[in-house]
Protein chains: 2
Amino acid sequence: MDKIPESAPNPLLKLDNQLCFSVYALSRLITKTYQPLLEQLDVTYPQYLVLLVLWEHNTLSVKQLGEKLLLDSGTLTPLLKRMEQRQWLSRQRDPRDERSVVVTLTDAGRGLERNAQQIPEQVAERLQMAPPELAVLRTQLQQLVTLLT
Amino acid sequence: MDKIPESAPNPLLKLDNQLCFSVYALSRLITKTYQPLLEQLDVTYPQYLVLLVLWEHNTLSVKQLGEKLLLDSGTLTPLLKRMEQRQWLSRQRDPRDERSVVVTLTDAGRGLERNAQQIPEQVAERLQMAPPELAVLRTQLQQLVTLLT
DNA sequence: TATTAATTGATTGTACACAATTAAAACTTA
DNA sequence: TAAGTTTTAATTGTGTACAATCAATTAATA
């Protein structure tokens with residue numbers, strides 16, 4: 001009995017051919033790479049990204065933070081509340097515009113930066129890619145990010 | 001009054017210099033790019049990835065599915081249950097090894113593949129990157145995935 | 001100025017993602 | 001073969017993500 005001929009499989013629908021899957025998988029693997037290093041700081045990876053931004057700027061509104069991290073308030077509000085509970089930052093309404101919530105790093109939050117100094121190198125070490133190659137890759141990815149933003 | 005001299009800022013701790021952030025942001029942006037296309041199939045992006053695998057293999061254990069997608073049962077079990085409720089697949093214990101749960105595509109699940117044919121092209125269109133460049137980028141990302149796996 | 005429109009966060013609800021634990025079954029080996 | 005180990009999913013609990021909605025406030029304009 002002959003098999004009913006299937007339509008030719010679409011190679012574009014194969015998992016291995018998907019750029020999207022590589023990005024998705026890599027993103028989760030990178031988070032896992034950071035995790036043991038971030039355990040020392042007792043922060044999660046998204047919280048670490050918030051700290052990176054605040055170490056640069058110290059004070060930002062939720063809106064501005066969201067613009068930099070490409071995250072909305074539905075994600076940031078509970079995350080920031082957890083960080084506030086741990087005394088790494090404060091959240092308060094802007095008196096000049098009561099709609100806006102301003103996030104400010106505490107001394108403790110600023111102090112964490114010292115403990116984070118070695119993290120980028122330790123991660124780069126595990127990625128085992130030459131810095132120039134990494135830079136090229138990062139530029140390409142940033143182009144795509146800009147394109148889709 | 002002079003400012004207390006801060007330690008020189010570590011450029012490696014700047015958000016813009018982080019490969020990790022580009023990957024993280026791009027992954028979420030890609031998911032958002034897929035979302036309106038996947039709405040027609042009424043699936044989420046991770047569910048779409050499960051379908052991609054099953055369209056290739058039809059029947060796999062949860063374990064095998066997890067190996068291909070790099071996801072564990074804590075993620076897959078509830079996701080597969082939702083897909084089972086929608087009749088796209090069935091879940092049943094392997095009689096030869098009762099520890100194993102075998103996932104099989106239903107006719108309805110297989111039928112979805114036809115509706116998905118145009119999706120890769122439509123996404124590629126939005127990425128506006130020449131196919132050869134995309135292939136190079138994908139290869140680099142896959143290398144990193146392999147490295148971290 | 002009164003009304004409308006736009007901005008900004010918070011809230012709610014759904015769906016991942018994963019660590020840690022549990023439980024059942026299968027395998028190993030003394 | 002009995003005891004201990006390994007394998008495999010499920011469960012539980014925490015923490016993102018994000019769409020949709022709501023509420024408060026500000027800005028714009030008729």
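Chain naming here is simple, since letters A, B, ... match the order of the sequence lines and numbering starts at 1 in each.
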Contact residues, [range] to DNA chain D [heavy atom, < 4.0 Å]:
range	result
residues 26-55 of chain A	A/Thr44, A/Pro46, A/Gln47
residues 75-93 of chain B	B/Thr77, B/Lys81, B/Arg91, B/Arg93
residues 57-71 of chain A	A/Leu71

Worksheet item: According to a strict under-4.0 Å criterion, is A/Tyr24 in side-chain N/O contact with OP1 or OP2 of C/dC16?
Response: no

Answer whether the closest heavy-atom distance between the side chains of [X] and [Y] falls below 4.5 Å.
X	Y	result
B/Leu89	B/Leu51	no
B/Thr104	B/Asn58	yes
A/Leu38	A/Tyr45	yes
B/Ser61	B/Asp94	no
B/Glu67	B/Lys63	yes
A/Leu105	A/Glu113	no
A/Leu52	A/Glu56	no
B/Leu12	A/Glu121	yes

Worksheet item: Is there a donor-acceptor pair closer than 3.5 Å between any side-chain N or O of B/Arg93 and the backbone N or O of B/Val102?
Response: no

Which donor-acceptor pairs under 3.5 Å do side chains of residues 135-149 of chain A form with protein atoms, sequence neighbours excluded?
{"residue": "A/Arg138", "atom": "NH1", "partner": "B/Asn17", "partner atom": "O", "Å": "3.3"}
{"residue": "A/Thr139", "atom": "OG1", "partner": "A/Ala135", "partner atom": "O", "Å": "2.8"}
{"residue": "A/Gln142", "atom": "NE2", "partner": "B/Asp16", "partner atom": "O", "Å": "2.9"}
{"residue": "A/Thr146", "atom": "OG1", "partner": "A/Gln142", "partner atom": "O", "Å": "2.9"}
{"residue": "A/Thr149", "atom": "OG1", "partner": "A/Val145", "partner atom": "O", "Å": "2.5"}

Practice prompt. Report the C-alpha distance between B/Ile119 and B/Val123 in whole Å, list the side-chain angles of each, state the deciding distance to 0.1 Å, and finish with yes or no for side chain to side chain contact (heavy atoms under 4.5 Å, CB included).
Written response: CA-CA 6 Å; B/Ile119 290 178; B/Val123 171; 4.3 Å; yes

Taking only distance into account, with no hydrogens and no angle test, what donor-acceptor pairs under 3.5 Å do side-chain atoms of residues 68-78 of chain A form with protein atoms, sequence neighbours excluded?
{"residue": "A/Asp72", "atom": "OD1", "partner": "A/Gly74", "partner atom": "N", "Å": "3.1"}
{"residue": "A/Asp72", "atom": "OD1", "partner": "A/Thr75", "partner atom": "N", "Å": "3.1"}
{"residue": "A/Thr77", "atom": "OG1", "partner": "A/Ser73", "partner atom": "O", "Å": "3.0"}

Using nucleotides 26-28 of chain C, report all nitrogen or oxygen pairs with the protein that are shorter than 3.5 Å.
{"residue": "C/dA26", "atom": "OP1", "partner": "B/Glu98", "partner atom": "N", "Å": "3.4"}

Practice prompt. Tell me, with the steps shown, if A/Trp88 and A/Val43 meet side chain to side chain contact (heavy atoms under 4.5 Å, CB included).
Written response: CA-CA 10 Å; A/Trp88 292 322; A/Val43 293; 3.6 Å; yes

Worksheet entry | Sugar-phosphate, base or nothing in reach of A/Ser73, heavy atoms under 4.0 Å | base

